[in-house]
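Below you'll find the structure, written out as structure tokens, and then a few comments.
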Amino acid sequence: TKSRYIDLIWKIKTQYTGGDRVLDFCFTGLKGSKETLFHHVISVKLLPNASTEDIDQIKKEIIQLNQYKGTVIPKIPEFNFIAQSIENQHLFEEVITGNPNSRVAKLIDQLHNSDWVKVGLELDSPEVCPFCQRPYGNDNIISELKSYFNKDYENALNEIKIMRDKYKQAFEQLSVIDIFSQIDFLSDLKKDYNNTYTLLKNTIESNIRKIDEKYKNPSVIIKLDSTVEYLNKINEIINSANEVIDIFNKKILSVDIEIEELKQRFWSKIRYDYNQSIIEFNNQTKDFDKKINKINESLAIKKEWHRIIN
């Protein structure tokens, strides 16, 4: 009977109104009468993608539009690491040694211990040799050793220190992009961003340790790992996020139209979910109408017959 289908459709109101009230606006003018709601549902036009719609996703989009209503979300600026070029400096791959004209140069170069000698000189004492722990003789070996580490050597060390300080400072100034955690519709990009940022961070920290090693041992050759791949990947993620933000901002600027479209998508999904029941009701209605028409035709014939014979 019709009442059975009306009661079935009425369950939609119970299921989707109240509670968080996100979908209440879809039922404006429909909550007061079972008959009104029933006729509304059977009159809804099925949209092409009704079968793939998800009510929870529709609710999510409605919440987002209402949350940012009238507020345009700013785009994410390009991500830069201003000290990246330091990674390409050839000085790190050079064997930095002292004055080749020093009397001790040949010995130091043969033993490859210039770094060890440099550290030892920092422990210089006025009476005892920092290397053999014996009193100095007439030959002032410390002066000879110091002459090995000339101005060019010191300039190279100073350049390494300056690059190290710039590189570390630039790293400390890098900021994590929090928007991926703050805005729901960007959450799909959060994992990819976090993983890439971690790889970038680990690479920079490793490079800082390598530069420290080069400063302590200038004769050692080091090669810094490039961060270009990770920087490019992060900016690709940012570009994807900005595309999503652009689409969302356009919706914000026409929020009333977007809300109405979501309302239509909701009812189209409901119409699809109850389609079989509606088909059954329509078929039964057609059968009933046919029977009524036959009865009416029969009555009309009898009436006409009575008119003729009387």
(request) Before giving the answer on salt bridge (Lys or Arg N to Asp or Glu O under 4.0 Å), spell out for Asp7 and Lys11 the whole-Å C-alpha distance, their side-chain angles and the decisive distance to 0.1 Å. (result) CA-CA 7 Å; Asp7 289 339; Lys11 292 180 181 179; over 6 Å; no
(request) Could you walk me through whether Cys26 and Trp267 pass the side chain to side chain contact (heavy atoms under 4.5 Å, CB included) test, one step at a time? (result) CA-CA 8 Å; Cys26 296; Trp267 282 118; 3.8 Å; yes
Test item: side-chain donor near acceptor, [X] and [Y], under 3.5 Å:
X      : Y      : result
Gln57  : Glu53  : no
Glu94  : His90  : no
Asn217 : Glu213 : yes

Nearest-0.5 Å distance that lies between atom [atom1] in [X] and atom [atom2] in [Y]:
X      : Y      : atom1 : atom2 : answer
Leu23  : Ile270 : CG    : CD1   : 8.5 Å
Glu159 : Phe92  : CD    : CZ    : 8.5 Å
Ile63  : Ile58  : CD1   : CD1   : 12.0 Å
Phe185 : Lys60  : CZ    : NZ    : 10.5 Å
Thr14  : Lys31  : OG1   : NZ    : 11.5 Å
Leu224 : Asn207 : CG    : CG    : 4.5 Å

Does the pair [X]/[Y] count as a salt bridge with the N-to-O cut at 4.0 Å?
X      : Y      : answer
Lys216 : Asp212 : no
Glu229 : Lys233 : no
Lys269 : Asp54  : no
Asp225 : Lys210 : yes

Minimum heavy-atom separation for [X] to [Y], with atom names?
X      : Y      : answer
Ile86  : Met163 : CD1-O, 3.5 Å
Ser226 : Val228 : OG-N, 3.2 Å
Asp24  : Tyr16  : OD1-O, 4.1 Å
Ile252 : Leu65  : CD1-O, 4.0 Å
Leu157 : Pro218 : CD2-CG, 3.3 Å

(message) Checking Asn66 against Ile259 for the side chain to side chain contact (heavy atoms under 4.5 Å, CB included) test, could you report, in this order, the C-alpha distance in whole Å, the side-chain angles of both residues, the deciding distance, and whether it holds?
(response) CA-CA 9 Å; Asn66 287 329; Ile259 290 291; 4.1 Å; yes
Take a 6.0 Å sphere around [atom1] of [X] and say whether it holds more than 12 heavy atoms from other residues, nucleotides or ligands.
X      : atom1 : value
Lys13  : NZ    : yes
Phe27  : CZ    : yes
Ile279 : CD1   : yes

Out of curiosity, does [Y] fall in the hydrophobic cluster containing [X] (side-chain heavy atoms, cut-off under 4.5 Å, transitive links)?
X      : Y      : result
Val176 : Leu174 : yes
Val44  : Ile6   : yes
Leu47  : Ile278 : no
Leu8   : Val41  : yes
Ile222 : Leu91  : yes

Ignoring hydrogens and geometry, is there a side-chain-to-backbone donor-acceptor pair from [X] to [Y] under 3.5 Å?
X      : Y      : value
Asn242 : Lys75  : no
Lys251 : Val255 : no
Ser254 : Ile257 : no
Lys214 : Val220 : yes
Glu87  : Thr227 : yes
Ser268 : Gln264 : no
Tyr272 : Asn49  : no
Asp20  : Val22  : yes
Thr203 : Leu199 : yes
Thr36  : Gly32  : no

Contact between [X] and [Y] at the side-chain level, heavy atoms closer than 4.5 Å - yes or no?
X      : Y      : value
Asn194 : Lys190 : yes
His40  : Ile9   : no
Ile211 : Ile160 : yes
Ile12  : Tyr274 : yes
Ile183 : Ile245 : no

(message) As a test of understanding, state which of Phe171, Tyr167, Tyr197 forms a ring-ring contact (aromatic ring centres under 6.0 Å, His included) with Phe81.
(response) Tyr167
(message) Tell me if the aromatic rings of Tyr5 and Phe38 count as close, with their centers under 6.0 Å from one another.
(response) no
(request) Quickly, which of Thr196, Ile237, Ile234 forms a side chain to side chain contact (heavy atoms under 4.5 Å, CB included) with Phe79? Name it, please. (result) Ile234
(message) Assess the residue pair Ser3 and Lys34 against the criterion (side chain to side chain contact (heavy atoms under 4.5 Å, CB included)); give the C-alpha distance rounded to whole Å, side-chain angles, the decisive distance to 0.1 Å, and a yes or no.
(response) CA-CA 9 Å; Ser3 61; Lys34 290 184 177 182; over 6 Å; no
(request) Might you work through the side-chain hydrogen bond (donor to acceptor under 3.5 Å, both in side chains) test for Glu61 and Gln64, ending with a clear yes or no? (result) CA-CA 5 Å; Glu61 291 181 36; Gln64 289 170 352; over 6 Å; no
(message) Please determine whether side chain to side chain contact (heavy atoms under 4.5 Å, CB included) holds for the pair Tyr215 and Arg164, giving the CA-CA distance in whole Å, both sets of side-chain angles, and the decisive distance to 0.1 Å.
(response) CA-CA 9 Å; Tyr215 183 76; Arg164 189 265 186 195; over 6 Å; no
